[in-house]
Protein chains: 2
Amino acid sequence: MAATRLQRDLKKKRPFESAAQEAALNLLRTSDRLQHRFVRLFRQHGVTPAQYNILRILRGEGQPLPILEIASRTVTVVPGITGLVDRLQQAGLVERIRCEQDRRVIYVAVTPKGMDILAALDRPVVELHEKLLGHLGQKDLKELNRLLAKARAPWPDE
Amino acid sequence: MAATRLQRDLKKKRPFESAAQEAALNLLRTSDRLQHRFVRLFRQHGVTPAQYNILRILRGEGQPLPILEIASRTVTVVPGITGLVDRLQQAGLVERIRCEQDRRVIYVAVTPKGMDILAALDRPVVELHEKLLGHLGQKDLKELNRLLAKARAPWPDE
DNA sequence: CGAAATTAGTTTACATGTCAACTATCTTCA
DNA sequence: TGAAGATAGTTGACATGTAAACTAATTTCG
């Protein structure tokens, strides 16, 4: 069996033990490299991917959200959201608003400056997606989505 | 267009703007959840995925490797490898050996304890791969590998 | 030959993701 | 009613990945 491109990339001496292992590594590596491209894009606008994601979530909701709610929509646990919101607040992109009915609850709202960042990134984000994945074409993109969904289907929710 | 499972998972209000964006998010999410499963497995044996990867690389090479070489085989830049090797060394899983011909070079070697960890994880790692991706079947796995490779093909090397 | 340039690895600072513990606030129940 | 239990968010510690700066060692070149 000829060494796959992935195998050569990794300077791996032995062939993959199984297709599943190759797929897993393929998945991680592709995802990692994809993320890197977005990291670079976001960095040009002064935010990190995780920060951008929070801004995006808040804009999508159209109103301030409690920290617990934000956490439920991201891969990050609550203490991590605290840190993210800290830094977003420091950068003037969000503000914290304590709920008057329940003093435990903190709402996070996007500032106009945060909205500006989002607006500035709307087009570049779309373009980067097309640039990185557009060559797959609609048929293969749908197939990729199908396979990824099929892969996840039996995994228990977290 | 009916909301996809992924969209519902993310409590996303609006449909995906494009198949490319859906695929990107699908990729990141699938990869993330896959990694989580391995994190849990490795944690049971007292190592993190990145540490395990380094042990694996060293065993695969069959001899000690310089830090720069290790870095070239992982997604981590050199200062990060220093930290990883620090912690591996602290745990007694690797040792540092300074090269006598070039005093700048540090070789990293797996200790017998490190080899024990690797051996203990060999089978569980294979089984987890099968468990998480085996249901796709050979045909779909090959197709997934093809699509992921095709996705990456035009991306410049880093 | 010796200074300048290059290289290998470390240190420092930062962001992010995780877990455990903690504080403040609200709800439940005897 | 007031204590116990539950909840929302924060703090602290840790690992990992990144960039910049630094130190030690080797190589290059005038």
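For the numbers below, each heavy atom of this structure counts, side chains included, while hydrogens, waters and symmetry mates do not. Residue numbering restarts at 1 for every chain, and letters A, B, ... go by the order of the sequence lines.
- Nearest-nucleotide mapping onto DNA chain C: of A/E100 and A/T76, the residue sitting toward the 5' end is A/T76.
- Read 5' to 3', the first and last nucleotides of DNA chain D with an atom closer than 4.0 Å to a heavy atom of chain B are D/dA15 to D/dT26.
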Report, one pair per line, the protein and nucleotides 8-12 of chain C atoms (nitrogen or oxygen only) whose separation is under 3.5 Å.
unit_1	atom_1	unit_2	atom_2	d
C/dA8	O3'	B/R104	O	3.3
C/dG9	OP1	B/I67	N	3.3
C/dG9	OP1	B/I106	N	2.8
C/dG9	OP1	B/I106	O	3.0
C/dG9	OP2	B/L68	N	2.8
C/dT10	OP1	B/R96	NE	3.0
C/dT10	OP1	B/R96	NH2	3.3
C/dT10	OP2	B/T82	OG1	2.8

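- The side-chain hydrogen bond (donor to acceptor under 3.5 Å, both in side chains) test applied to B/K150 returns A/D140, not counting sequence neighbours.
- With a 6.0 Å radius and a threshold of 12 heavy atoms from other residues, nucleotides or ligands, A/R98 has its CZ atom above the threshold.
- The residue A/V75 sits close only to the backbone: its heavy atoms come under 4.0 Å of sugar-phosphate atoms, none of a base.
- C/dA15 atom P lies 17 Å from atom CZ of A/F42, rounded to whole Å.
- Rounded to an integer number of Å, the gap from A/Q90 CD to C/dA15 C1' is 13 Å.
- No hydrogens or angles considered: nothing links the side chains of B/R73 and B/N53 as a donor-acceptor pair under 3.5 Å.
- In this structure, B/K131 does not pair ionically with B/E127, as no charged nitrogen and carboxylate oxygen lie closer than 4.0 Å.
- When all heavy atoms of B/L118 and B/L55 are compared, the pair lying nearest together is CD1-O, 3.5 Å.
- The two residues A/L141 and B/A23 come nearest to each other via the heavy atoms CD2-CB, 3.8 Å.
- Note: OH (A/Y52) to P (C/dT16) measures 15 Å, nearest angstrom.
- Annotation for A/A151 and B/L136: closest pair N-CD2, 3.8 Å, computed over non-hydrogen atoms.
- The CZ atom of A/R43 sits 16 Å away from the P atom of C/dC14 (whole-angstrom rounding).
- For B/R56 and B/D122, the salt-bridge test fails: no basic side-chain N is under 4.0 Å from an acidic carboxylate O.
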